[in-house]
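Here the structure comes first, spelled out in structure tokens, and everything after it is commentary.
It should be emphasised that the depicted structure is a prediction, and the values quoted were computed from it without experimental measurement.
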Amino acid sequence: FPHALRRMPPFREFCAAGLVALQLAADRWHFRRTRKSCSQCHSDAGHSGRTWHLNINNLPDLVPSLAVPASPAHSAEKQAAWQEPWEHQLWDAVGPVANVYRSLMAKISPETLPKTLVGLNVLVLHDRKPQCKGRQKLHVQRAATDSLDPQPEAEAELHNLSAPKLTVESLHYMRLATAAYGRVSLRPGLVGITDSNFTQLLCKHVGESLNPEEVSVPLASLRARWLLPAHYVLVDRGRREVVVAVRGTLSVQDVLTDLGAEEVDLFLGGKAHKNMLQSACNVLRAVHPLLETLSGIDRITFTGHSLGGGVAAYLTMLFLELQDLQDRDDPRDSKSPEVRCFSFGAPGICSAAVSKSLRDRIASYCHAQDVVPRLSTGHLLELRGRAVLAANVAGDIVKRLANGGLWKAAQVAQAIPQDLEEALASSKIEAFEKQNSGDSPDMLKLYPAGRCFLVQRDGEIEELAPEDLAPCIDFSGGHRMVVDHLPRIYEVVMKAAADRAQHAQQAQHAQTVQ
């Protein structure tokens, strides 16, 4: 007996295993409860008054890279599995992460890793110089005036909203997006968030733009699972609108979704972020039974921050592709609801060409130095190429200092900024092309979708082309690269931008009256 007792695991391991088992049981109970409520709502409401439906069975044709669950054995069961979300396993989320690592290692030789680290330090020192910050601001202003299509045409496309009115609208959806963070944003206190008080907390968080008597939240899944981020559905009868809000990164499951940036083919063209596209498919399968039961809806809006913003943009693309209008005798019944998206701080999810094609549907906002909208596989590979090039230039400068002696040190030191600037500006791609792969990083870059807006801390907004919003990873922002991405900071700057837009509208109206 003592020998057997010594072979038993420690007590703390039993406790840890018990906690994990309880967590899994709670997740499964919440998942089944959500499915049951959606099914009940679907059966009670029926299809009356609905003039469209989603061809959810066509989803595998749009996204062939979707992982098929291992449990169904027959084709009929697999076909049914596409119509509803299933329990994903850990490997479904980790697999793309491992593929990204292998892909990067295939393009980056380990022998150059020390040189890359040295070059990153050189780039940080270079980018944070005051003259570089001024040059970046000038570049942004020039891009805002020279690189865009005619502004009135773009305004007419995005639901006939002018830029100031679009900014005011964006504040409403920014608050709806941050509400998906649950306790972090809504601050329920000791009571916590329940099904009974979530709508009340949501209306209090959003403010006067939501009428508690006209809104309801028929579906709220605020706990993320593997490849299924937290989300909720808001029905606003006053606006005749349905809002699907997706939460950003807040759990381990969300982090793995972010890291699984393996690039797969997007059905609209170009490449896509695999795990985010998979997550969008799962969210759509979770909410589409409820959406199809709703009548009297003129608009469907998707919104989200960070990871949620990328998933919301993919949801918009999927919804537009899968939407099928039903034939009715009254031609007014065949009108499809408006579908649009407000994305905040989302990473790159599509090519520049696809991004520009969605200008009439999606508005993407980036706050100042936020690094997340400038992240993609192509941006990271370009950063590595710039780091190697900077290390080579720094090494040449050190050799010139050593060979020239003290009497030439001042002359060489004076030439360092100019030499480094010319080297980085002349060919930031050449260093990458000399490596194992011949593909240019620009071909692998992904950008935020739709109309892209850069919001400064004082609320000033500039509309940029996707390539100008995220040309490369720049270190001039320092710690602001991370701080500017926080959802609470986005709320503050979007409030400032909305106030500026309202003041501009009032001033313009006063001038018109005079």
Side-chain angles (χ1 to χ4, degrees), residues 124 127-128 133 136-137 140 167 170-171 173-185 224 229-230 245-261 273 275-276 279 303-314 341-350 355 362-380 383 445-450 452-462 464 466 468-498:
V124 170
D127 291 345
R128 299 198 67 182
K133 295 181 181 180
Q136 183 190 24
K137 185 175 181 180
V140 168
T167 303
S170 65
L171 175 62
Y173 297 104
M174 177 71 238
R175 289 172 174 169
L176 288 174
T178 55
Y181 284 91
R183 180 182 292 272
V184 176
S185 299
V246 186
R247 193 188 73 186
T249 304
L250 197 63
S251 65
V252 176
Q253 292 90 336
D254 298 329
V255 172
L256 287 180
T257 301
D258 293 328
L259 296 178
H273 187 297
N275 271 7
M276 286 191 186
S279 299
T303 186
H305 167 262
S306 187
L307 163 67
V311 174
Y314 281 139
C341 172
F342 288 83
S343 175
F344 305 91
I349 62 168
C350 61
S355 175
I362 302 175
S364 296
Y365 292 85
C366 172
H367 174 216
Q369 302 293 337
D370 184 4
V371 70
V372 173
R374 286 106 175 178
L375 287 180
S376 70
T377 302
H379 287 87
L380 292 176
L383 175 63
K445 283 184 179 180
L446 301 180
Y447 302 93
C452 297
F453 297 90
L454 180 64
V455 189
Q456 303 297 339
R457 299 182 187 92
D458 59 355
E460 181 181 358
I461 287 187
E462 298 168 314
L464 305 175
D468 298 319
L469 178 69
C472 62
I473 299 176
D474 189 276
F475 295 100
S476 61
H479 71 284
R480 303 298 309 185
M481 298 170 66
V482 177
V483 175
D484 286 355
H485 182 67
L486 299 178
R488 177 58 182 167
I489 303 299
Y490 263 88
E491 276 194 36
V492 173
V493 298
M494 294 307 300
K495 177 64 167 60

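- When every heavy atom of S476 is checked against every heavy atom of Q369, the shortest pair comes out as OG-OE1, 3.7 Å.
- Distance check: E460 CD to F453 CZ gives 13.5 Å after rounding to the nearest 0.5 Å.
- The two residues A449 and A313 have their closest heavy-atom pair at CB-CB, 4.4 Å.
- We find the OH-OH distance between Y490 and Y365 to be 11.5 Å, quoted to the nearest 0.5 Å.
- By the side chain to side chain donor-acceptor pair (under 3.5 Å) test, T178 pairs with H205, E491, sequence neighbours left out.
- When every heavy atom of A498 is checked against every heavy atom of L171, the shortest pair comes out as CB-CD2, 3.8 Å.
- Heavy atoms only, all atoms of each residue included: R247 and A224 are closest at NH2-CB, 3.4 Å.
- With sequence neighbours left out, the side chain to side chain donor-acceptor pair (under 3.5 Å) criterion links H485 to S306, D370.
- Put simply, the side chain of P229 reaches to within 4.5 Å of the side chain of D254, judged on heavy atoms.
- Side-chain contact between V493 and V455: present, with at least one pair of heavy atoms (C-beta onward) separated by less than 4.5 Å.
- S355 is linked by a side-chain contact (heavy atoms from CB on, under 4.5 Å) to C350, C452, P466, counting only residues two or more places apart in sequence or in another chain.
- Side-chain contact between S364 and I362: present, with at least one pair of heavy atoms (C-beta onward) separated by less than 4.5 Å.
- Shown here are the ring-ring contact (aromatic ring centres under 6.0 Å, His included) partners of Y314, two or more places apart in sequence or in another chain: there are none.
- In this structure, CZ on R480 lies 4.5 Å from CZ on R457, to the nearest 0.5 angstrom.
- For the atom pair CD1 of I461 and OG of S170, the computed distance is 6.0 Å after rounding to the nearest 0.5 Å.
- Separating the OG atom in S279 from the CG atom in L307 is a distance of 6.5 Å, to the nearest 0.5 Å.
- The distance from the CG atom of L250 to the CZ atom of R183 is 11.5 Å, given to the nearest 0.5 Å.
- With contacts defined as side-chain heavy-atom distances shorter than 4.5 Å, the pair P347/H273 does not qualify.
- With hydrogens and angles disregarded, no donor-acceptor distance shorter than 3.5 Å links the side chain of D484 to the backbone of A368.
- Between K495 and R175, some side-chain heavy-atom pair lies under the 4.5 Å cut-off.
- Taking both residues in full, the closest heavy atoms of R374 and I473 are given as O-CG1, 3.5 Å, listed atom of the first, atom of the second, then distance.
- With sequence neighbours left out, the side chain to side chain donor-acceptor pair (under 3.5 Å) criterion links H305 to Y181.
- With sequence neighbours excluded, the residues that form a side chain to side chain donor-acceptor pair (under 3.5 Å) with T249 are D258.
- For the pair M494 and F344, the minimum side-chain heavy-atom distance is below 4.5 Å.
- Of all non-hydrogen atoms in G310 and A346, the two that sit nearest each other are N-CB, 3.5 Å.
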